Amino acid sequence: MQALSDQEQYRRQAVEELRSLGIDPFPAEGYEVDTMAADIHRDFRPGEARFSNVSLAGRIMSRRIMGAASFAEIQDASGRIQLYFKRDELCPGEDKTLYNTVFKRLLDIGDIIGVKGDVFITQMGEITVHVREFTLLCKALRPLPVVKEKEDVTFDAFRDPELRYRQRYVDLIVNPEVREIFVKRTRLVNAMRQFLNDRGYLEVETPILQPLYGGAAARPFTTHHNTLDMKLYLRIANELYLKRLIVGGFDGVYEFSKDFRNEGMSRFHNPEFTQMELYVAYRDYEWMMNLVEEMVEHLALALHGNTVVRVGEHEINFARPWKRYTMYEVIREFSGIDISRMTEAALIDVARDLGIQTEAGMGKGKLIDAIFGEKCEPLLIQPTFITDYPVEMSPLAKRHRSAEGLVERFEAICNGKEICNAFSELNDPIDQRRRFEEQLELGRRGDLESMVLDEDFLRALEFGMPPTAGLGIGIDRLTMIMTNQPSIQEVLFFPQMKPEIITQEVEGNEAANPFSQMGVPDAWASILARLGFSNPEQLRKTNPNKLFNDLGGLRKKLKLDIPALKIEEIRAWLEG
RNA sequence: CUCUCCGUAGCUCAGCUGGCAGAGCAAAUGACUCUUAAUCAUUGGGUCGAUGGUUCGAAUCCAUCCGGGGAGACCA
């Protein structure tokens with residue numbers, strides 16, 4: 001109990017007191033709910049019988065106790081509603097325990113209760129449930145941050161991003177606008193799925209664990225399968241599997257997929273993210289551009305009833321048609337330089353002149369991409385298609401039907417960021433093999449993201465794939481735009497973060513020291529156990545500096561009478 | 001990986017020209033029968049992120065480290 005705050009201790013005591021009064025703080029049975037808070041706010045009219053006996057359930061969010069009568073608010077999935085409790089109605093006889101002790105003293109903000117009663121309007125004009133009967137459904141052992149509001153001013157808002165992301169459940173309880181972001185995200189996905197189903201495309205699922213990774217330029221995560229004793233990769237894209245399905249005779253397949261890329265993290269990049277990839281046979285990239293315009297316009301309308309969406313300082317209009325530039329055109333437009341006939345060496349000079357860092361591993365494609373990313377992309381706020389990329393940066397796209405050295409590819413840029421990427425898919429297996437081999441060469445030059453050669457995919461292409469248009473659209477980034485959020489962490493329930501150490505209560509089995517062989521003294525072994533370490537392997541994987549920091553913290557907190565550790569001692573354990 | 005800002009009570013934050021750790025909310029106890037950031041009185045609550053240094057004395061100054069935000073690098 002030592003590690004608990006005073007408020008947590010009070011709540012645990014309340015659990016015991018409730019039990020001694022014969023009230024189960026965590027009852028097993030369900031609670032019959034027939035009304036939501038929002039129903040009452042929307043439909044209640046004074047004098048109507050319809051809300052004379054309602055049953056609802058939710059979490060207590062605030063309380064105002066005035067002796068023998070009280071107001072409280074509960075929050076259910078639809079919102080909040082005020083409750084009115086009156087002692088002498090809840091406890092008509094001599095025994096006032098239910099109100100005085102159970103409600104006033106043993107219930108807290110954060111507890112979940114069910115109530116039955118009738119709806120009325122208070123003297124202050126607020127729609128309120130007059131409680132005739134209440135039931136504790138779950139006692140909360142931790143206090144909730146209390147956020148208050150008056151005349152649209154919020155007090156003590158729960159805003160710290162670290163706490164909000166690590167404890168998203170708390171964020172969702174106290175910040176209703178956060179909840180709304182995720183509801184919109186799901187509505188966006190549903191609208192997109194409906195749009196695709198209406199056109200007859202088949203939603204499919206393909207492997208996340210792959211013996212080879214491919215379909216994008218990115219570094220993968222690796223894992224290991226014990227039975228097969230082999231290395232597996234987490235997919236970076238689903239492209240190659242979906243095209244195998246087009247070979248197999250489906251003529252429109254799509255997948256909403258979690259993809260994994262082992263790269264830097266930022267407000268636009270999370271190690272795992274969601275894409276929707278779509279492949280349609282007998283179509284080309286021109287057709288796909290029209291589909292993307294139509295689909296994204298449709299999503300904006302489905303979410304906002306309007307094609308204009310406010311994003312930060314900008315108003316973005318998704319109404320068709322969107323502006324279209326070729327890659328060379330847009331670079332000429334924004335930098336004044338015509339790079340269409342330049343060699344790799346000339347491009348390196350251009351990049352240098354524009355102040356862009358170049359590296360030995362960069363081929364022509366990466367150089368052009370760098371120039372575009374630096375000089376054009378951030379300036380494209382309204383949805384814009386960029387078409388016809390250099391062949392070097394698009395090893396899976398079909399050569400352009402008329403322009404030498406280019407491929408039939410487009411990206412849609414919006415708010416300065418790519419939201420999708422699509423091409424006429426390369427279906428010439430001989431060309432595809434050559435392009436993979438060029439990627440291998442880039443890999444030898446040090447490009448860690450170059451693609452690997454997938455023999456089975458080539459075999460599939462050799463059986464023949466119809467001309468196909470393919471699309472990948474980033475769901476997280478689209479959601480950021482559609483919900484006006486500045487970072488990807490705000491549209492992911494649980495963004496990736498460094499692990500947090502949670503201290504545990506440990507029973508006094510100090511005799512066993514699993515770390516003794518590593519040279520850890522018994523006194524510190526029990527502290528390690530508290531930090532959740534149970535075996536030496538676990539310990540060895542830990543950053544010694546962090547361990548040092550955390551052990552020092554616990555030593556101080558528990559006021560331990562042992563000298564502080566030195567970082568060298570911890571290093572010695574981990575190496576020993 | 002680089003730069004930069006931040007880390008103080010359950011939450012939001014003040015204190016930072018070194019000198020006994022503070023406020024509001026939340027909590028405890030009491031008063032109060034339509035309140036709404038309810039009100040009033042009393043009380044408790046702290047790994048000042050960690051370690052080391054400077055100092056008679058460090059939340060405050062310095063160094064290293066941990067965690068996080070922002071910007072960049074890398075990258076979609």
Side-chain angles (χ1 to χ4, degrees), chain A residues 3-11 13 62-73 82-89 105 108-110 120-126 128 130 142-151 153-166 170 174 216-219 236-237 259 261-269 273 275 357 359 366 369-370 373 377 411 413 417-421 448-449 472 474 476-477 486-489 497-501 503 543-560 564-567 570:
Chain A
L4 299 177
S5 69
D6 60 338
Q7 296 196 39
E8 290 171 296
Q9 292 183 40
Y10 284 125
R11 284 167 184 247
Q13 281 165 24
S62 72
R63 287 203 301 173
R64 292 178 287 276
I65 295 173
M66 295 153 299
S70 300
F71 288 92
E73 278 179 298
Q82 179 168 270
L83 306 178
Y84 178 67
F85 293 80
K86 194 167 180 180
R87 184 187 62 201
D88 296 331
E89 292 172 1
R105 204 157 63 72
D108 287 290
I109 289 175
F120 74 110
I121 295 184
T122 65
Q123 287 171 13
M124 302 299 286
E126 180 157 351
T128 302
H130 193 136
R142 286 179 187 259
L144 217 51
V146 177
V147 181
K148 294 193 173 180
E149 201 178 305
K150 188 189 190 180
E151 285 155 9
V153 182
T154 303
F155 298 85
D156 302 327
F158 183 65
R159 284 269 145 70
D160 179 358
E162 175 170 6
L163 284 172
R164 287 184 45 235
Y165 302 155
R166 287 198 194 280
V170 176
V174 303
R219 292 157 73 184
I236 59 171
D259 289 344
R261 297 188 183 176
N262 204 340
E263 283 163 355
M265 290 163 61
S266 73
R267 71 193 178 93
F268 293 103
H269 300 86
F273 64 101
Q275 272 203 99
Q357 276 199 335
E359 282 164 35
K366 281 226 160 188
D369 196 32
E377 192 174 28
E411 292 190 359
I413 314 291
K417 281 279 163 189
E418 171 201 347
I419 54 171
C420 78
N421 183 8
L448 295 169
E449 294 163 350
D476 310 288
R477 288 192 186 172
S487 77
I488 196 168
Q489 285 79 15
M497 300 187 89
K498 289 205 183 182
E500 160 196 43
I501 289 211
T503 59
N543 176 346
N545 292 318
K546 181 161 171 54
L547 200 57
F548 175 62
N549 198 45
D550 293 331
L551 288 174
L554 266 187
R555 170 179 165 269
K556 198 181 252 194
K557 176 167 186 170
L558 303 177
K559 299 182 171 66
L560 294 176
L565 284 161
K566 293 204 165 49
I567 182 70
I570 293 175

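Chain A is the first sequence line, chain B the second, and so forth, proteins listed ahead of strands; every chain is numbered from 1. Everything numeric in this text was worked out from a predicted model, so none of it was measured.
B:A28 and B:U60 are spaced 34 Å apart, taking the P atom of each and rounding to whole Å. Between B:U8 and B:U12, the distance separating the two P atoms is 8 Å to the nearest Å. Nucleotides B:C16 and B:A23 have their P atoms positioned 16 Å apart, rounded to a whole Å. Taking atom P on both nucleotides, B:U47 is separated from B:G10 by 7 Å, rounded to a whole Å. Rounded to whole Å, the P atom of B:G57 lies 44 Å from the corresponding atom of B:C40. If you take atom C1' in B:G70 and the same atom in B:C32, they sit 49 Å apart, rounded to whole Å. To the nearest whole angstrom, the two C1' atoms, one in B:C62 and one in B:G68, are 23 Å apart. For the P atoms, the distance linking B:C56 with B:C65 amounts to 28 Å, nearest Å.
Which of B:G24, B:U35, B:U33 sits closest to the side chain of A:D156 comes down to B:G24. Side chain of A:Q82, nearest nucleotide from B:A27, B:U35, B:A37: B:U35. Here B:G10 is the nucleotide among B:G10, B:U36, B:A26 with the atom lying nearest to any side-chain atom of A:S5. For A:D108, the listed nucleotide lying nearest its side chain is B:A27; candidates were B:G10, B:C34, B:A27. When distances run from any side-chain atom of A:D6 to the nucleotides B:G44, B:G10, B:U36, the shortest one goes to B:G44. Ranking B:C66, B:C32, B:G69 by closeness to the A:I65 side chain, first place goes to B:C32. Comparing B:U33, B:U35, B:C11 by their closest approach to the side chain of A:P145 singles out B:C11. When each of B:U36, B:A28, B:C34 is scored by its nearest atom to the side-chain atoms of A:Y10, the top-ranked nucleotide is B:A28. Which of B:C66, B:U12, B:C34 sits closest to the side chain of A:Y84 comes down to B:C34. The nucleotide whose nearest atom lies closest to any side-chain atom of A:L163 is, among B:U29, B:G69, B:U12, B:U12.
Taking atom CD of residue A:E149 and atom P of nucleotide B:C11, one finds them 21 Å apart after rounding to whole Å. Summarising the geometry, the separation between CZ on A:R267 and C1' on B:C74 is reported as 16 Å, rounded to the nearest angstrom. Rounded to whole Å, atom C1' of B:G69 lies 12 Å from atom CZ of A:R166. Across the protein-nucleic acid pair, A:N549 atom CG and B:G52 atom C1' stand 13 Å apart, rounded to whole Å. Rounded to whole Å, the distance from CZ on A:R219 to P on B:C75 is 10 Å. One atom, CE of A:M265, and another, P of B:A73, lie 18 Å apart when rounded to the nearest Å. For the pair A:I121 CD1 and B:U35 C1', the computed distance is 16 Å after rounding to whole Å. Taking atom CD of residue A:E263 and atom C1' of nucleotide B:C74, one finds them 8 Å apart after rounding to whole Å.
A:E377 comes within 4.0 angstrom of a base, heavy atoms only. Across all strands, A:K498 comes closer than 4.0 Å only to sugar-phosphate atoms, never to a base (heavy-atom distances). As judged by a 4.0 angstrom heavy-atom cut-off over every strand, A:G67 is placed among the base-contacting residues. As judged by a 4.0 angstrom heavy-atom cut-off over every strand, A:R105 is placed among residues touching the sugar-phosphate backbone only. At the heavy-atom level, A:E73 lies nowhere under 4.0 Å from the strands shown. When heavy atoms are screened at a 4.0 angstrom cut-off, A:F71 is found touching base atoms of the nucleic acid. Note on A:F268: nothing from the nucleic acid sits closer than 4.0 angstrom, heavy atoms only. Among the atoms of the strands shown, base atoms are found under 4.0 Å from some heavy atom of A:Q123. The residue A:F548 sits close only to the backbone: its heavy atoms come under 4.0 Å of sugar-phosphate atoms, none of a base. Here A:R63 lies out of heavy-atom contact (under 4.0 Å) with every strand.
Between the side chain of A:R261 and the backbone N or O of A:I236 there is at least one donor-acceptor pair closer than 3.5 Å.
No more than 12 heavy atoms of other residues, nucleotides or ligands lie within 6.0 Å of CZ in A:R219, so this atom counts as exposed by the packing criterion.
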Using side chain to side chain contact (heavy atoms under 4.5 Å, CB included), reason through A:R477 and A:Q275 one step at a time and then give a plain yes or no. CA-CA 9 Å; A:R477 288 192 186 172; A:Q275 272 203 99; over 6 Å; no
Show your working on side chain to side chain contact (heavy atoms under 4.5 Å, CB included) between A:T122 and A:F71 and close with a plain yes or no. CA-CA 11 Å; A:T122 65; A:F71 288 92; 3.9 Å; yes
Test log, rule side chain to side chain contact (heavy atoms under 4.5 Å, CB included), inputs A:T154 and A:V147: CA-CA 7 Å; A:T154 303; A:V147 181; 3.4 Å; yes
Would you please test A:E377 and A:K417 for salt bridge (charged side-chain N to carboxylate O under 4.0 Å, His left out) and show each step? CA-CA 6 Å; A:E377 192 174 28; A:K417 281 279 163 189; 5.7 Å; no
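Side-chain contact check for A:P143 versus A:R11: some heavy-atom pair is nearer than 4.5 Å. Contact annotation: the side chain of A:R267 approaches that of A:P486 to within less than 4.5 Å [non-hydrogen atoms, C-beta and beyond]. Side-chain atoms of A:V146 and A:D156, non-hydrogen and from C-beta on, never get closer than 4.5 Å to each other.
Each of A:D369 and A:R87 was assigned the nucleotide of RNA chain B with the nearest heavy atom; the assignment lying further toward the 5' end belongs to A:R87. Each of A:A216 and A:E126 was assigned the nucleotide of RNA chain B with the nearest heavy atom; the assignment lying further toward the 5' end belongs to A:E126.
Within the 4.0 Å cut-off from OP1 or OP2 of B:A50, not a single side-chain nitrogen or oxygen of A:N545 is found. A sub-4.0 Å separation between OP1 or OP2 of B:U35 and a side-chain N or O of A:R64 is absent. Regarding contacts with the backbone of B:A38, a side-chain N or O of A:K148 is found under 4.0 angstrom from either OP1 or OP2.
The aromatic rings of A:F120 and A:H130 lie tilted to each other, with the angle between the two planes from 30° to 60°.
Pairing for B:U36 is absent, judged as Watson-Crick or G-U wobble with the two contacts each under 3.5 Å. Under the Watson-Crick or G-U wobble criterion, with both distances below 3.5 Å, B:C20 is left unpaired in every strand shown. Base pairing of B:A27 is made with B:U43, judged by Watson-Crick or G-U wobble geometry with both donor-acceptor distances under 3.5 Å. Across all strands shown, B:A59 has no partner, as no Watson-Crick or G-U wobble contact with both distances under 3.5 Å is found. Searching all strands for a Watson-Crick or G-U wobble partner of B:G70 with both distances below 3.5 Å returns B:C3. With a cut-off of 3.5 Å on both Watson-Crick or G-U wobble distances, the partner of B:A9 is given as none.
Judged by distance alone with a 3.5 Å cut-off, no donor-acceptor contact links the side chain of A:D160 to the base of B:G7.
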